[in-house]
A.B. asks: 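One structure, as structure tokens, below. Some questions next.
Keep in mind that the numbers below use all heavy atoms, side chains included, and drop hydrogens, waters and symmetry copies. In what follows, every chain begins at residue 1, and chains take the letters A, B, ... in the order their sequences are listed.
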Number of protein chains: 2
Amino acid sequence: MAAPRKSNRSAAPARDASAATAAPRAIAEQLERHGVRPSAQRVAIASYVLGTEDHPSADQVWARVKERFPMVSRATVYNTLRHFTEKGLLRELVLAEGRQVFDPVVEPHHHFVDDETGAIRDIPWNALKVAKIDELEGLDVREYMVVVRGVARGARKG
Amino acid sequence: MAAPRKSNRSAAPARDASAATAAPRAIAEQLERHGVRPSAQRVAIASYVLGTEDHPSADQVWARVKERFPMVSRATVYNTLRHFTEKGLLRELVLAEGRQVFDPVVEPHHHFVDDETGAIRDIPWNALKVAKIDELEGLDVREYMVVVRGVARGARKG
DNA sequence: CCGAAAGTTGGACTTAGTCTAAAACTGTCA
DNA sequence: TGACAGTTTTAGACTAAGTCCAACTTTCGG
């Protein structure tokens, strides 16, 4: 389940290194560049949600952040995720198993939903090509994506 | 909001004709053909959900059905929708504003989500073409669709 | 240090959906 | 007809996801 890339558990405290923790300094700067005032809670939330390859739901983010920051409130996480989304740090997808999920990749891309595990994976924009989208009559298209459902064959490692 | 098509309130009892009510006989037969025993509640649910062009959520179906069948319970509606889906009468989409919605069109097609109203519209399968879907490595594709978001321009009539 | 604005908090509330045990209905067979 | 089994429906409790709000805390500018 965990994506074992970006192994920068550099100056992390003596806890397990399972959660992806980027340097707080860098995260604070990233927030500021997007016009978000970096509070401690926001940095904690960002350090998980901006660094993950999962597509967590809001409640999943809350659970994750609480592990290292137990006194954070649910309202804060929800507000913050909305805030991040408004500021363009996140994208909100509505294709998951009934809940809205957040995707730190803001650039357009497609999605693969694993029917067995429910996991969502990104598909690079150029891996697929949609034709005739500009021929749709009467629709002002703002964005589009292909949603592929199926099962991942073979090479899935935990 | 009401879709004033299929005005076959033929041998219906003396009640109002506001909701789309197909002939109960025909619906019962349709259910039987799909291996669903047609109870009164199931026919009531089917007569709305199989005849609509909306993409209602389960709770919306419940609300609609209760208008003409006030004593129907929520569990029945949820069970029935699941049952219909298993029997291939409905398809369940997971792309709506955070909820699962049902689509009486079982054949593959694409979807347009109106960002302003949240309404979902079908896009015919042949209106778009997705290339390179068979080149996706390591994925057993079961189905796919294009989800288009934007706003409907002009000519929208209810 | 003060006040205002921004941020955070817990908890109540809402909405969507599931679960359950009991009741009601249906078909069958004697 | 009446008894039985299996199916369907029911109300309501429960859970999960998410919103809302009023109060508290923190930060920032002066």
Side-chain angles (χ1 to χ4, degrees), chain A residues 24 27-28 31-32 34-49 54-66 68-87 89-90 92-103 118 120, chain B residues 24 27-28 31-32 34-49 54-66 68-87 89-90 92-103 118 120:
Chain A
I27 290 190
L31 296 188
E32 275 171 343
H34 285 261
V36 176
R37 200 173 345 157
S39 71
Q41 286 88 335
R42 284 173 179 178
V43 169
I45 292 166
S47 95
Y48 167 58
V49 82
D54 303 342
H55 294 70
S57 70
D59 246 48
Q60 284 170 334
V61 174
W62 185 41
R64 275 319 213 93
V65 170
K66 262 196 307 188
R68 11 188 66 233
F69 206 147
M71 60 299 208
V72 77
S73 107
R74 200 213 285 246
T76 300
V77 172
Y78 278 76
N79 291 341
T80 302
L81 290 174
R82 196 198 331 268
H83 200 65
F84 284 2
T85 304
E86 280 162 7
K87 297 296 188 179
L89 279 155
L90 289 177
E92 196 176 337
L93 304 181
V94 276
L95 56 79
E97 303 299 325
R99 327 247 164 286
Q100 73 235 60
V101 301
F102 296 90
D103 189 338
I120 301 170
Chain B
I27 291 191
L31 296 188
E32 275 172 345
H34 285 262
V36 176
R37 181 137 49 121
S39 71
Q41 287 86 338
R42 286 173 178 177
V43 170
I45 293 166
S47 95
Y48 167 58
V49 82
D54 304 343
H55 292 70
S57 70
D59 246 49
Q60 284 170 333
V61 175
W62 185 40
R64 272 322 212 89
V65 171
K66 262 196 308 188
R68 15 191 56 235
F69 208 147
M71 58 301 209
V72 77
S73 108
R74 201 213 287 245
T76 299
V77 173
Y78 278 78
N79 290 341
T80 301
L81 291 174
R82 194 196 336 266
H83 199 65
F84 284 2
T85 304
E86 280 162 8
K87 298 297 188 177
L89 279 156
L90 289 177
E92 194 175 338
L93 304 181
V94 277
L95 56 77
E97 304 297 326
R99 327 246 164 285
Q100 73 236 61
V101 303
F102 296 90
D103 190 337
I120 301 170

A.B. asks: CG of Asp59(B) versus C1' of dA16(C): gap in Å, rounded?
C.D. replies: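 Nearest whole value for this atom pair: 6 Å.
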
A.B. asks: Please give, in whole Å, the distance from dA16(C) P to Arg64(B) CZ?
C.D. replies: 16 Å

A.B. asks: Which residues pass the side-chain hydrogen bond (donor to acceptor under 3.5 Å, both in side chains) test with Arg74(A), sequence neighbours left out?
C.D. replies: Asp59(A)

A.B. asks: Between Glu32(B) (CD) and dT26(C) (C1'), how many Å, whole number?
C.D. replies: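 It is 13 Å, rounded to the nearest whole Å.
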
A.B. asks: Please enumerate all protein N or O atoms sitting under 3.5 Å from an N or O of nucleotides 23-26 of chain D, with distances to 0.1 Å.
C.D. replies:
none

A.B. asks: Could I get the full list of side-chain contact (heavy atoms from CB on, under 4.5 Å) partners for Arg37(B), not counting sequence neighbours?
C.D. replies: Arg42(B)

A.B. asks: Applying the side-chain contact (heavy atoms from CB on, under 4.5 Å) test to Thr80(A), which of Ile45(A), Val61(A), Val65(A) qualifies?
C.D. replies: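 In the set Ile45(A), Val61(A), Val65(A), the residue that makes a side-chain contact (heavy atoms from CB on, under 4.5 Å) with Thr80(A) is Ile45(A).
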
A.B. asks: For nucleotides 8-15 of chain D, give me one character per nucleotide, 5' to 3': B if any protein heavy atom sits under 4.0 Å from the base, S if the only such contacts are to the sugar-phosphate, - if neither.
C.D. replies: SSBB----

A.B. asks: Tell me the interatomic distance from Glu92(B), atom CD, to dT18(C), atom C1', rounded to whole angstroms.
C.D. replies: 13 Å

A.B. asks: Atom CG of Leu31(B) and atom C1' of dT26(C): how far apart are they, to the nearest Å?
C.D. replies: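 Roughly 16 Å, once rounded to whole Å.
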
A.B. asks: Shortest non-hydrogen contact from Lys87(A) to Gly35(A)?
C.D. replies: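 Minimum heavy-atom separation between Lys87(A) and Gly35(A): CE-O, 3.7 Å.
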
A.B. asks: Nearest whole angstrom, please: distance from the P of dT19(D) to the OH of Tyr78(A).
C.D. replies: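 Rounded to the whole Å, the gap is 7 Å.
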
A.B. asks: Could you check how far NZ of Lys66(A) sits from C1' of dA17(D), rounded to whole Å?
C.D. replies: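 Atom-to-atom, Lys66(A) to dA17(D), this comes out as 13 Å.
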
A.B. asks: Find the distance Leu81(A):CG to dT8(C):P and express it as a whole number of Å.
C.D. replies: 12 Å

A.B. asks: Compare every heavy atom of Ala44(A) with every heavy atom of Phe69(A), then report the nearest pair and how far apart it is.
C.D. replies: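 Looking at all heavy atoms of both residues, the closest pair is CD1-CB, 3.2 Å.
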
A.B. asks: By ring pair (Phe, Tyr, Trp, His ring centres under 6.0 Å), which residues pair with His55(A), not counting sequence neighbours?
C.D. replies: His111(A)

A.B. asks: With sequence neighbours left out, what residues match Gln60(B) under side-chain contact (heavy atoms from CB on, under 4.5 Å)?
C.D. replies: Pro56(B), Ser57(B)

A.B. asks: Run the side-chain contact (heavy atoms from CB on, under 4.5 Å) test against Ala46(B) and tell me which residues pass, sequence neighbours left out.
C.D. replies: Ile27(B), Leu31(B), Leu50(B), Phe84(B)

A.B. asks: Using the side-chain contact (heavy atoms from CB on, under 4.5 Å) criterion, which residues pair with Glu86(B)? Sequence neighbours excluded.
C.D. replies: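 Applying side-chain contact (heavy atoms from CB on, under 4.5 Å) to Glu86(B) gives Arg82(B), His83(B).
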
